[in-house]
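Reading through the C-alpha cells given below for one structure.
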There are 2 protein chains.
Amino acid sequence: MPVKTAEILKDNQLRVTSCRRDVLQTFLMKRVALSHSDLEEELKENYDRVTIYRTLKTFLDSDLIHKVLDDSGATKYALCLHDVQSHDHEHVHFKCEKCGQTNCIEEVSLPRVELPSGYVAKEMNLLVQGICKNCS
Amino acid sequence: MPVKTAEILKDNQLRVTSCRRDVLQTFLMKRVALSHSDLEEELKENYDRVTIYRTLKTFLDSDLIHKVLDDSGATKYALCLHDVQSHDHEHVHFKCEKCGQTNCIEEVSLPRVELPSGYVAKEMNLLVQGICKNCS
DNA sequence: GTTTATGCAAATTCTTTGCAATACT
DNA sequence: AGTATTGCAAAGAATTTGCATAAAC
C-alpha cells in the first residue's frame, strides 16, 4: 500500500483511515468513474456499505472527487487530482456503451458555449457516449 | 384536454390511455425536465406511482422522452418532439442552482468536440449549471 | 375477443440517520 | 484525552416485479 494515499488525505485535512486510503487507492488504480456499488463490490469484505457512503460524501465535500454525470441512474464519482491549473469546473467524460466504463477525457477541453443572455454558467459537464478506444 | 396528446401517442404506436395523455400533457405544459417525483406530485390523485414509472419507461423506449443528466441523483426526463431536423443526439441543458429547474436550451448547438482517435461518439449531452434567465 | 395497461401488494435496491464502540491525532 | 470515524441496526426513498382486474384496439 503506497504512502501516496495518506499524503493526499493529509493534504486535504482529512484523517488517515484505512477505508479512506482504500477507496482513494481504488480510484487511483481504476482510473475510471466509480459508483458506490462499484466500490462496495471491491471493498465489501473490509468495510461497511455505510462507511463507503460516508467516505464518498467526505471526499465530495473536500473536492477530492466530483460527481460524474451518468444516464444510468447510478451516481458515479471520479478523482479531481489534476485540477489546479486546468479548468476546475469543466469536465468531459466518455461513457462506453460496450464496456460501460466512464472516464475523464483530459486531452479534450470543452469549447466555449455562448448562452442566451441572462444565463450565468458556473459549471459545465459534457458526457459523450459511444464506443471507447479499447472496445472499437 | 387537447387531442394533440392522443395524436402523438398514436404516431408512436402507443395505445392512448389517460395516464399517458396526462403525463405527456404535463411535459408539454411545463416545458422543463421532470423527474418521476415531479410527475407523481402532479398526478398522484389520478394514477399510481407504479403506473407513472411504467409510463416513463414506455416513453423512453419509444424515444418520446429522453433522460436528462442531473447531478442531484434524481433521474429527469424531457420531451424529444423537436428532434427530426435538429441533431437527435445532442442535448444542451441548463440547470439553475436557484430554482432547481432544468431546461433544454434549443438556441445553442453543441460545438464539435474532437475526441482522441479510437473513440466513436454517438451521443453528446452537455449540462450547464448556473443561474437562469428568470433568477438572475 | 385478444392484447396491453393499470392498480395494489410486496420485494429489491439505494441512501440516510442514530448511537455506542473504535481508531486517529 | 479529545475528536472524528466506523459498524450495526433500522428507517426512509426510489425502483422493480407479479398477478388479477380493467381498458384499448
Side-chain angles (χ1 to χ4, degrees), chain A residues 1 3-26 33-62 64-77 100, chain B residues 1 3 5-26 33-62 64-77 100 102:
Chain A
M1 318 166 188
V3 198
K4 205 175 168 189
T5 53
E7 284 171 8
I8 294 171
L9 290 169
K10 277 182 204 156
D11 288 351
N12 285 273
Q13 287 89 46
L14 297 175
R15 288 200 177 182
V16 178
T17 70
S18 75
C19 179
R20 287 175 180 176
R21 296 185 65 174
D22 285 354
V23 169
L24 193 44
Q25 186 63 34
T26 307
L34 300 172
S35 66
H36 174 269
S37 69
D38 295 332
L39 289 162
E40 196 186 344
E41 192 75 16
E42 201 78 16
L43 304 170
K44 70 182 153 200
E45 316 270 298
N46 309 300
Y47 309 107
D48 192 86
R49 203 162 41 265
V50 176
T51 304
I52 297 175
Y53 273 114
R54 288 196 268 227
T55 301
L56 287 170
K57 186 161 197 313
T58 303
F59 285 5
L60 212 48
D61 291 344
S62 306
L64 235 169
I65 59 176
H66 61 90
K67 285 193 185 183
V68 173
L69 298 176
D70 191 287
D71 69 349
S72 76
T75 308
K76 291 188 171 187
Y77 304 88
Chain B
M1 318 165 189
V3 198
T5 52
E7 284 171 9
I8 294 172
L9 290 169
K10 277 183 204 153
D11 288 350
N12 286 272
Q13 286 90 47
L14 296 175
R15 287 199 177 182
V16 179
T17 70
S18 77
C19 179
R20 288 175 181 175
R21 295 185 67 172
D22 285 354
V23 169
L24 193 45
Q25 186 63 33
T26 307
L34 301 171
S35 64
H36 173 270
S37 72
D38 294 333
L39 289 161
E40 197 187 341
E41 193 74 17
E42 201 77 16
L43 304 170
K44 67 183 155 200
E45 316 271 298
N46 310 301
Y47 309 108
D48 193 86
R49 206 169 28 270
V50 176
T51 304
I52 297 174
Y53 273 114
R54 289 196 267 226
T55 302
L56 287 170
K57 188 161 195 312
T58 302
F59 284 5
L60 212 48
D61 291 345
S62 306
L64 235 170
I65 58 176
H66 61 91
K67 284 192 184 184
V68 174
L69 298 176
D70 191 287
D71 69 349
S72 75
T75 309
K76 293 189 171 185
Y77 305 87
T102 302

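For the numbers below, each heavy atom of this structure counts, side chains included, while hydrogens, waters and symmetry mates do not.
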Rounded to whole angstrom units, what separation is found between the [atom1] atom of [X] and the [atom2] atom of [N]?
X: A:Lys57; N: C:dC14; atom1: NZ; atom2: C1'; value: 16 Å
X: B:Asn12; N: D:dA24; atom1: CG; atom2: P; value: 18 Å
X: A:Leu14; N: D:dT3; atom1: CG; atom2: C1'; value: 14 Å
X: A:Leu9; N: D:dA4; atom1: CG; atom2: P; value: 16 Å
X: A:Gln13; N: D:dT5; atom1: CD; atom2: P; value: 13 Å
X: A:Asp22; N: D:dT6; atom1: CG; atom2: C1'; value: 14 Å
X: B:Leu60; N: D:dT16; atom1: CG; atom2: C1'; value: 15 Å
X: A:Leu56; N: D:dT5; atom1: CG; atom2: C1'; value: 15 Å

Of all the choices, [options], which nucleotide is nearest to the side chain of [X] once you look at every atom?
X: A:Arg54; options: D:dT17, D:dT6, D:dT3; value: D:dT6
X: B:His36; options: C:dC14, D:dA24, D:dT15; value: D:dT15
X: A:Asp48; options: C:dT6, D:dA4, D:dC8; value: D:dC8
X: B:Arg15; options: D:dA4, C:dT4, D:dT6; value: C:dT4

Does a side-chain N or O of [X] approach OP1 or OP2 of [N] to a distance below 4.0 Å, or not?
X: B:Thr17; N: C:dT6; answer: yes
X: B:Arg20; N: C:dA5; answer: yes
X: A:Tyr53; N: C:dT15; answer: yes

For B:Arg49 and A:Thr51, take the nucleotide of DNA chain D holding the closest heavy atom to each; which residue's nucleotide lies nearer the 5' end?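 Going by which nucleotide is closer to the 5' end, it is A:Thr51.
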
Is there a residue in residues 39-47 of chain A whose heavy atoms reach under 4.0 Å of DNA chain C, and which residues are they?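 When residues 39-47 of chain A is checked for heavy atoms under 4.0 Å from DNA chain C, there are no hits whatsoever.
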
